[in-house]
Amino acid sequence: MLDRRKFLKVGAALTAIPLIPSISAAKSVEATKVSFGLIKNGEVITAAHWGALKLTIKNGKIVKSEPWEKATNMDNPLQHYTADMVYKSRVKYPYVRKSYLEDPDNPKPELRGKEEFVRVSYDEAIKLIAKELKKTRDTKGTSAVFGGSYGWKSSGNMQNARILLHRFLNVTGGFVGSTGDYSTGASQVIMPYVVGSIEVYEQQTSWENILGNSKYVVIWGADPISTLRIAWTSSDQRGLAYFEKLKKSKIKVICIDPVRTDTAKFLNAKWISPRPNTDVALMIGMASHLIAKNKVNYDFLDNYTTGFDKFKDYIDGKEDGVKKDVKWASKISGISEKTIRELAETFYDNPTMIMSGWGMQRAHYGEQPHWMLVTLASMIGQIGTKGGGFGLSYHYSNGGVPTCKSGVIGGINAGSLGIWENGKFKGLAKSNQAAGGAEWLQNAASASFPVARIADALLNPGKTIDHNGGKITYPDIDFIYWAGGNPLVHHQDTNNNVKAWRKPRTIVVNEIYWTPTAKMADIVMPATSSYERDDITMTGDYSNMNIVPMKQAVEPVGESRDDYVIFSDICKVYGKDVFNAYTENGKKAKDFIKEYYNSALKQTQSFGEVFATPMPNFEEFWAKNEPITFDVTAESYEWTRFLEFIEDPILNALGTESGLIEIYSETIKNYNYDDCKAHPTWFEPIEWLGNATKEAPFHLLTNHPKDRLHSQLCHTNLRDTYAVKDREPILINTKDAKKLGIKNGDVVRVFNKRGEVLAGAVVTDDIMQGVARLCEGAWYDPNENGLCKCGNANVLTMDIPTSKLANGNISHTGLVNIEKFKGDLPALSAFDAPKGAN
Ligand SMILES: Nc1nc2c(c(=O)[nH]1)N[C@H]1C(S)=C(S)[C@@H](COP(=O)(O)OP(=O)(O)OC[C@H]3O[C@@H](n4cnc5c(=O)[nH]c(N)nc54)[C@H](O)[C@@H]3O)O[C@H]1N2
Ligand SMILES: Nc1nc2c(c(=O)[nH]1)N[C@H]1C(S)=C(S)[C@@H](COP(=O)(O)OP(=O)(O)OC[C@H]3O[C@@H](n4cnc5c(=O)[nH]c(N)nc54)[C@H](O)[C@@H]3O)O[C@H]1N2
Ligand SMILES: [Mo]
């Protein structure tokens with residue numbers, strides 16, 4: 001059944017290009033163990049964001065966790081700690097905060113996060129949630145229920161905590177959600193105006209084209225060796241494999257980043273370190289040099305872009321009297337004039353692929369850097385060529401790894417709205433209109449707000465904000481349900497956020513672990529980890545390389561239940577018909593998994609025998625305990641982003657107003673915003689090295705952690721490999737440390753007007769002077785004075801929006817002070833259960 005020789009032969013006739021996934025292709029034809037039911041001793045295949053995994057089970061316990069296949073020589077340590085993910089820091093039973101249990105109508109929300117929990121039975125918890133949710137909807141309306149529930153959850157297309165929550169809140173009467181995400185909050189809103197698509201989550205020019213055609217690769221504000229350890233579905237690991245190929249190639253690499261990243265070191269790159277948040281000025285300086293040298297591709301600008309002349313007026317100072325030349329850029333960015341000129345000419349003279357990460361758009365005025373990058377790339381004129389242009393996703397989910405011809409599995413959806421009349425369930429709406437154009441529904445939908453404005457919304461119900469050309473009025477949220485995210489860690493300005501989280505009457509959280517968010521809830525439901533339930537996923541968000549069975553590996557811990565079961569059971573309290581609507585008449589997880597698999601199977605059959613990778617029937621696939629690997633097509637090896645547009649900009653116009661790349665946007669001009677103008681603009685951020693003070697002399701970067709996924713894995717033993725005296729490491733420049741009297745391995749206090757944390761000093765020349773780096777994701781662990789003992793970066797970050805256009809978060813903008821910590825070192829409580837729980 002899985003014999004693919006026939007396909008491979010035909011494939012070889014079509015193209016001489018070898019297949020990358022050769023190891024896995026061979027693997028999937030091997031006979032494998034067949035198994036049904038839970039394996040007590042043996043191997044189980046599953047998947048996490050950090051790749052497809054092979055678990056070894058002994059006497060019903062996980063004793064080993066390793067990658068299912070070796071696709072790269074780089075070890076991914078995240079893959080080895082699955083046992084800790086099952087056995088440590090677990091929420092084992094349902095819990096209710098004491099005052100809430102005593103009187104849900106007067107629950108003393110100010111005690112949230114401080115007060116003890118009381119264990120209740122599963123049934124009691126389910127009934128309490130149903131009752132309080134109904135009460136909130138009846139007394140405060142649908143828009144009082146917030147179900148945005150942003151978060152990275154676990155891999156798996158069925159057991160998708162956030163979507164399962166949305167499905168539950170929909171069928172029981174609707175909810176207010178959030179828009180956008182934390183990752184690319186600014187770019188995903190500005191890019192449609194500039195290139196007609198969100199761009200940040202699009203497939204990139206194939207790596208094969210880069211390796212064959214680029215002379216330079218520029219990695220601008222990205223650390224792919226770290227960030228490619230994970231993917232949204234599950235990593236295919238081929239992105240890292242391509243960076244290994246890049247290292248072996250003759251292509252020269254330049255990294256532009258305040259940190260000499262692991263990527264820069266791995267690739268022996270030339271390191272250029274601008275002051276944080278000044279990239280727009282640096283790029284404008286390069287642009288002005290190219291104009292002065294007449295190294296501008298005016299044909300490209302004429303044929304494919306609009307508005308360059310107006311942008312040039314801005315560079316020339318016709319708008320504001322400031323001439324933005326190389327000298328101007330050097331002063332702002334701290335990069336020498338000579339280097340700015342060299343960079344500009346190198347990019348123009350050579351096939352150069354500029355790969356940009358997203359860190360620099362998670363900053364004040366974060367709409368500008370990628371807009372300016374596209375403008376610079378347009379002046380250079382290599383967009384749509386095989387070895388040049390720009391890419392915004394090479395550092396993420398294996399962008400640029402060629403797409404396979406695969407069947408794509410489906411996933412659980414948020415379902416339809418339940419229609420409720422006088423407290424009675426009338427069935428599911430066929431469409432939102434069919435819900436009667438109900439007023440509450442309109443209100444709830446229009447009350448959804450940009451995801452990173454959550455604390456602002458909780459604190460300021462009824463406030464109206466500008467957003468992307470429109471207005472949004474915040475709802476009056478009184479009930480929060482969160483599943484699959486860790487907002488007490490991920491959101492900026494934690495002290496402000498804690499205040500916000502003490503506003504609503506009710507907070508319910510489904511969690512696997514005693515995270516800071518679980519500890520801030522009134523009702524905590526114990527969720528299974530993905531290793532305790534069945535699921536299915538693909539790998540490679542762009543490559544669609546494998547379908548991976550995620551078979552239950554071990555028994556659920558304590559009284560933990562799948563999110564799907566928890567929500568189904570609450571629906572049951574609402575009534576049998578509601579349960580039936582939620583579960584599609586009692587379907588189990590496995591039934592959905594089979595459906596998703598079969599839809600992929602059908603798809604591949606439609607390709608015709610010659611092109612389809614054979615897929616066995618579901619039962620065989622499930623019993624085999626092996627991923628299916630799809631083949632890459634010749635076209636995707638050759639694929640070049642924007643090629644169609646370049647070949648025919650009229651027939652293949654972009655989705656922008658003019659159909660062209662917009663260096664100047666009339667639409668944005670008409671919004672009349674003071675913080676996002678009609679063309680890329682240098683704005684001075686609210687806090688940066690240009691306005692640093694004695695009180696706060698250092699710019700703090702809060703990068704994504706290479707040894708975690710955000711806060712995930714923080715409680716595992718992997719932490720012992722990087723923590724410094726049990727604290728989150730902070731990178732401090734050698735000269736700065738000397739001035740501060742700080743030595744490598746010292747515990748330091750990092751503080752500003754927003755808060756204070758302890759961290760462990762890593763003194764290094766790999767970060768520029770005046771900048772410190774404390775990665776996001778350490779579990780918030782306040783002592784009685786609010787000092788975070790563990791080192792959560794967001795205690796120090798700022799909770800203001802990028803601009804009125806996108807309202808993204810600005811977690812890479814902010815100044816701090818650092819001093820050696822002199823007191824008695826407090827023990828962590830981050831990973832312990834709270835009072836009253838075990
Ligand atoms: N300072 C700073 N802050 C940042 C960033 C930054 O760069 N700097 N980056 C931002 C970005 S881009 C992002 S994406 C966010 C990430 O923020 P989050 O996505 O909230 O971070 P995670 O740690 O992945 O949280 C996922 C949570 O879901 C839980 N979980 C996993 N699987 C399941 C499940 O099946 N069921 C349930 N009920 N729970 C489950 C995990 O235990 C974990 O607590 O952080 C943002 N915050
Ligand atoms: N191992 C691991 N991988 C991950 C994640 C994780 O938590 N762990 N998270 C995933 C998620 S959800 C996301 S959104 C992506 C995030 O991917 P990114 O947003 O690209 O990651 P960051 O670490 O925020 O920033 C990348 C780089 O930008 C640099 N930088 C910050 N500010 C500036 C600046 O002003 N100018 C310049 N030139 N550089 C700057 C930082 O030093 C860092 O090296 O990563 C994904 N991959
Ligand atoms: Mo993200």
F831 and W779 aromatic centres sub-6.0 Å: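 Yes; W779 has its ring centre under 6.0 Å from that of F831.
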Close aromatic pair by centroid cut-off 6.0 Å: H710 and H704: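 Judged by ring-centre distance (under 6.0 Å), H710 and H704 do meet the cut-off.
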Option passing salt bridge (Lys or Arg N to Asp or Glu O under 4.0 Å) with E115 (candidates K519, R502, K835, R97):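 Passing option: R97.
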Minimum heavy-atom distance between I767 and I732, given as atom pair plus value: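 Closest pair (atom of I767, atom of I732, distance): CG2-C, 3.7 Å.
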Regarding [X] and [Y], do their side chains bring together a donor and an acceptor under 3.5 Å, going by distance alone?
X	Y	result
T506	Y100	yes
H491	N496	no
T184	Y201	yes

W358 and H395 aromatic ring geometry - parallel, tilted or perpendicular at 30°/60° bounds: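 Perpendicular: the ring planes of H395 and W358 meet at over 60°.
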Rounded distance (nearest 0.5 Å) linking atom CD1 of I129 with atom CD1 of I570: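 Atom-to-atom, I129:CD1 and I570:CD1 are 4.0 Å apart.
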Atom pair CG/OG of D562 and S560 - distance to nearest 0.5 Å: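 So the CG of D562 and the OG of S560 are separated by 8.0 Å.
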Derivation and outcome, salt bridge (charged side-chain N to carboxylate O under 4.0 Å, His left out), residues R719 and E728: CA-CA 9 Å; R719 189 164 177 278; E728 184 67 16; 5.2 Å; no
Tell me whether the NZ or CZ atom of [X] lies within the 45° cone about the ring axis of [Y] and under 6.0 Å from its centre.
X	Y	result
R453	Y474	no
R119	Y95	no
K153	W232	yes

Ion pair check, E756 and R749, cut-off under 4.0 Å: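 Yes, E756 and R749 are salt-bridged.
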